[in-house]
Amino acid sequence: MKRLGILTGGGDAPGLNAVIRATVKTAIKEYGCEVFGIRNGYDGFLEMEGIVPLGMQEVRGILPRGGTILGSANRGNPYARKVIRDGKEITVDVSEEIVKGIKRLELDALIVLGGDGTLHIAHELAEKGVPIIGVPKTIDNDISGTEVTFGFDTALNIAMEALDRLHTTAESHHRAMVLELMGRDAGFIALQAGISGGADVILIPEIPFKFESVMAKVHERAEKGSKFSILAVSEGAKPVNGGQIFSRKGDEIYVPRLGGIGQVVGEYIEKQGFESRVTVLGHLQRGGTPTAFDRSLATRFGAAAVRLAAQGGFDRMVALKCSRITDISLVEATATLKRVKLDDDAVVTARNVGISFGDE
Ligand code: F6P
């Protein structure tokens, strides 16, 4: 193994730079490899100056930095790339150009850091013969086959801190404070942050809720003397017999953008005569320095991806299982999104301590 490429695709997540650093260090120290960074996801293969050599100097000091030094693109699908032809916007399949770009660079392996979309593309490229290895990244923690993705722990801690801060205002002003959290179709952030931040109600996409049940919990608490409530609401949560709320429709380039359910829940509570305020935590969950857990996991994933490449373990993804680093096929990793299971210990525990999911 002489030449490695690395790219970061999809939304950024805390720990991307830690993976890049570990990959470069391991590749150079253990295998004497040259490493090339591909800028802006797969797009870098098509861009002028899209490829940058990465040495020890380039990765110095990046361990605690959020974002990605390589840049990312969450509309960089080579199978549906947006281009302007004859003044018209169309989508074209440029995957063959990506394959050629990889061959031109004479890469022995391409390490791809990404979530569901980026890893799907990685598998399709692997089927065209590209020696590819995936590293699971997303704050949503929705990738199958790994207990946890890097970025999740940091997002969780930010969400928990936000809940702690909302608590004081909720109590002082006798209000219901609603916090809308990220996670798309998986409720891991709202669930775990809700438990660790002392939420009274947690609404997640996996458990459709009833407005009346949410309100019943707020009233029950008020009657018992706690005239305030904290609600952790996943952006993908939906009422029974209702759909998810989107702030923007999707198209062939962009996935639909979720957002607004927190406001809907807050307005319902106000209409029932209980003062409420809504906070949308948004991209604050994705930014900034990674936690110790994410730095360590990201470093372990980066080094493991290089070891896997050296063994020729292509079309696979590094993963965490029973606290050990392992690897699984990309097909298996991307077959279904990981979501909160209704009999998950965290769900049972939340119910045990009196948290409502709005379903009873
Ligand atoms: O998948 C990660 C994520 O942060 C989701 O939780 C969220 O719905 C989405 O990305 C937001 O994407 P964007 O940065 O494109 O707004």
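Note that these values count all heavy atoms, side chains included, but never hydrogens, waters or copies made by symmetry. Order of listing sets the numbers, starting from 1, for every ligand and every atom in it.
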Nearest to [atom], what protein heavy atom do you find, and at what distance?
atom                    : value
atom 2 (C) of ligand 1  : D140 OD2, 3.3 Å
atom 16 (O) of ligand 1 : H283 NE2, 3.2 Å
atom 15 (O) of ligand 1 : N74 ND2, 3.0 Å
atom 12 (O) of ligand 1 : R286 NH1, 3.5 Å
atom 8 (O) of ligand 1  : E235 OE2, 2.6 Å

Measuring from the heavy atoms of [X], does anything fall under 4.0 Å of ligand 1?
X    : answer
G11  : no
L258 : no
Q285 : no

Check this for me - ligand 1, G183, N or O atoms closer than 3.5 angstrom, yes or no?
yes
Please tell me whether R221 and S229 have a donor and an acceptor in their side chains that are separated by less than 3.5 angstrom. yes
### Query
With a 6.0 Å cut-off on ring centres, are F274 and H174 close enough?
no
Note to self: Within 45 degrees of the ring normal and closer than 6.0 Å to the centroid, is that where the cationic atom of K338 sits relative to F188?
What the structure shows: yes
cation_pi(R257, F246) dist<6.0 Å, angle<=45
no
Practice task
Taking T299 for its side chain and R295 for its backbone only, find out whether a donor-acceptor pair lies under 3.5 Å.
Solution key: yes
### Whether over 12 other heavy atoms sit under 6.0 Å from K128 NZ
yes
Interatomic distance, CD1@I51 vs CZ@R104, rounded to 0.5 Å, equals 8.5 Å
